[in-house]
2 protein chains.
Amino acid sequence: MTRGSEGSVPVPGHRSITEAEKLAEAKLGGIPIRHEQMAVVANIYRAASAVRQHLENSVLRGVDLTWTAFVVLWVVWIWGESETRHVAEEAGISKGTLTGVARTLEGRGLIQRADHPSDGRLVLLSLTEEGQQLMQRVFPAFNDEEAFVTEQLSDEECRSVADGLRRVVLQVEGSGEERRQALLGGAAPAPRRSGRRRKA
Amino acid sequence: MTRGSEGSVPVPGHRSITEAEKLAEAKLGGIPIRHEQMAVVANIYRAASAVRQHLENSVLRGVDLTWTAFVVLWVVWIWGESETRHVAEEAGISKGTLTGVARTLEGRGLIQRADHPSDGRLVLLSLTEEGQQLMQRVFPAFNDEEAFVTEQLSDEECRSVADGLRRVVLQVEGSGEERRQALLGGAAPAPRRSGRRRKA
DNA sequence: TACGTACAATTTGGACCCGAACGGTAATCG
DNA sequence: CGATTACCGTTCGGGTCCAAATTGTACGTA
């Protein structure tokens, strides 16, 4: 995050970020930038990376779980036996990704899949006995690190930050699709450059 | 995010999250959970995913850039010609990942690499003319979407949330290493299970 | 000059990740 | 009741992503 020695004034904290913003403004020469909004997005992602990295390297690595694998386990653990599409959505990954992760977890004996009793299209995911024991053991340690990374925030500040982030999520999930439609103006959705090609 | 029909009381907003927390508490039976801290971490990651997804699908897809590729371009754009290790750190990715991303970007004529004048080990990254034009065109649109996703937050709230997140980042970057050391108690750092295997 | 150490970027291996395409089941319609 | 239509999980292509292994450069010291 920090560079070797950029400025000369020893202003403590946030210097790097603020300086980047100033530089960005200069780069755009006159075009106004929404600073506060930019700072929120930048720090959301920065914090997400830092937190994920810390948790992977502290508690998750020891039990040989990736962040995504843990999230999937957590979702199935909390919600109980669930349909894969729900798990994917709750975990914030695509259906295709879940298929692979679930396969890995299944191979390690942590989750199991079952056919839906009445709808042949559905697959149900649930924790095995071993998976449940794992989560009961790991989650307290995970939560301890959640407390560590937020140590500089009071409970009240935690509530405030969490609420602000929740509003961001709701905004995107609520109005994002509509916004994208408006932006692209009904034009071609510009398919992802990579991805599977049509057979013909 | 939301499920079909879980609860019976029509409490608006945040139901899913809160319910998940309650379920988690029940699962742990007695073991106390730090709710506020858990909510912060959960929502940081949720927001990061949502924001990234929205930006990829709105402005980035149209110019055929992934999130990571854009971040790398942004860093080089803002900081000017930089050494790769700094770019990787600032972008929040590993050096190895940057090598691949930089190759892709170089192939598209958006960035260029140059040898360091005095230290032959270093490689410098800078934007090409085309890369600069792209960023000058794309960033305003990007910032517009940053404003969109934070639309439900006032400027003051934006500052507050950004500051809270900054404190999380500083906490992890400042004390994370020490914390991990203490946690593992000097024991083996438990190598990543995936990735390259040791030869013998 | 030769050698070891330090540190640079790159290569490599395995898992992840998205989203279009696919094949199969369920529901709907004529 | 056959034919669409809608939906579900899986497959697959291309691209990240990390960390170990590798390669190469710089620089100290003998």
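Throughout, protein chains are lettered first and strands after them, A, B, ... in sequence-line order, and every chain is numbered starting at 1.
Residues of residues 95-103 of chain A that place a heavy atom closer than 4.0 Å to DNA chain C, in numerical order, are A/Gly96, A/Thr97.
More than 12 heavy atoms of other shown residues, nucleotides or ligands fall within 6.0 angstrom of atom CG in B/Asp64.
Contact annotation: B/Arg108 side-chain N/O to D/dG15 OP1/OP2 distance is not under 4.0 Å. OP1 or OP2 of D/dT16 sits under 4.0 Å from a side-chain N or O of B/Thr66. In terms of phosphate contacts, A/Asn57 brings no side-chain nitrogen or oxygen within less than 4.0 Å of OP1 or OP2 of D/dC18. Look at B/Thr84 and you'll find a side-chain N or O under 4.0 angstrom from OP1 or OP2 of C/dA9. Remark: B/Gln53 is in phosphate contact with C/dG19, judged by side-chain N or O atoms under 4.0 Å from OP1 or OP2. Regarding contacts with the backbone of C/dA15, every side-chain N or O of A/Thr68 stays at 4.0 angstrom or more from both OP1 and OP2.
Qualifying salt bridge (charged side-chain N to carboxylate O under 4.0 Å, His left out) partners for A/Arg121, counting only residues two or more places apart in sequence or in other chains: A/Asp119. For the salt bridge (charged side-chain N to carboxylate O under 4.0 Å, His left out) test, no residue two or more places apart in sequence or in another chain qualifies with B/Glu151. For A/Ser118, the side-chain contact (heavy atoms from CB on, under 4.5 Å) test picks out A/His116, with sequence neighbours left out.
Comparing C/dC17, C/dA8, D/dT16 against the side chain of A/Ile93 picks out C/dC17 as the nearest.
Ring pair A/Phe139/A/Phe70 is parallel by interplanar angle, where below 30° counts as parallel and above 60° as perpendicular.
The ring of B/Tyr45 has its center closer than 6.0 angstrom to the ring center of A/Trp67.
Per the geometry, CD belonging to A/Glu89 stands 13 Å off P belonging to C/dC18, to the nearest Å. Nucleotide D/dC18 holds its P atom 18 Å from the CZ atom of B/Arg85, rounded to whole Å. Straight-line distance from the CG atom of B/Leu60 to the C1' atom of C/dG19: 16 Å, rounded to whole Å. Straight-line distance from the NE2 atom of B/His116 to the C1' atom of D/dT25: 13 Å, rounded to whole Å. Taking atom CZ of residue B/Arg61 and atom P of nucleotide C/dC18, one finds them 12 Å apart after rounding to whole Å. Rounded to whole Å, atom P of D/dT16 lies 15 Å from atom CZ of B/Phe70. The CG atom of A/Leu122 sits 13 Å away from the P atom of D/dC7 (whole-angstrom rounding). Taking atom CG on B/Leu65 and atom P on D/dG14, their separation rounds to 19 Å, with Å as the unit.
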* Asked: Is there a side chain to side chain contact (heavy atoms under 4.5 Å, CB included) between B/Thr68 and B/Leu98 once you walk through the steps?
  -> CA-CA 9 Å; B/Thr68 306; B/Leu98 177 59; over 6 Å; no

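When atom types are taken as modelled, the side chain of A/Ser82 and the backbone of A/Gly80 share a donor-acceptor pair closer than 3.5 angstrom.
The side-chain hydrogen bond (donor to acceptor under 3.5 Å, both in side chains) contacts involving residues 138-150 of chain B comprise A/Arg179-B/Glu145, B/His54-B/Glu145, B/Asn143-B/Glu146, where partners must be two or more places apart or lie in separate chains.
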Name the pairs: protein N/O against N/O of nucleotides 26-29 of chain C, kept only if under 3.5 Å.
residue, atom, partner, partner atom, Å
C/dA26, OP1, A/Ser118, O, 3.4
C/dA26, OP1, A/Gly120, N, 2.9

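The side chain to side chain donor-acceptor pair (under 3.5 Å) test with A/Gln152 singles out one residue from B/Arg167, B/Gln171, B/Arg166, and that residue is B/Gln171.
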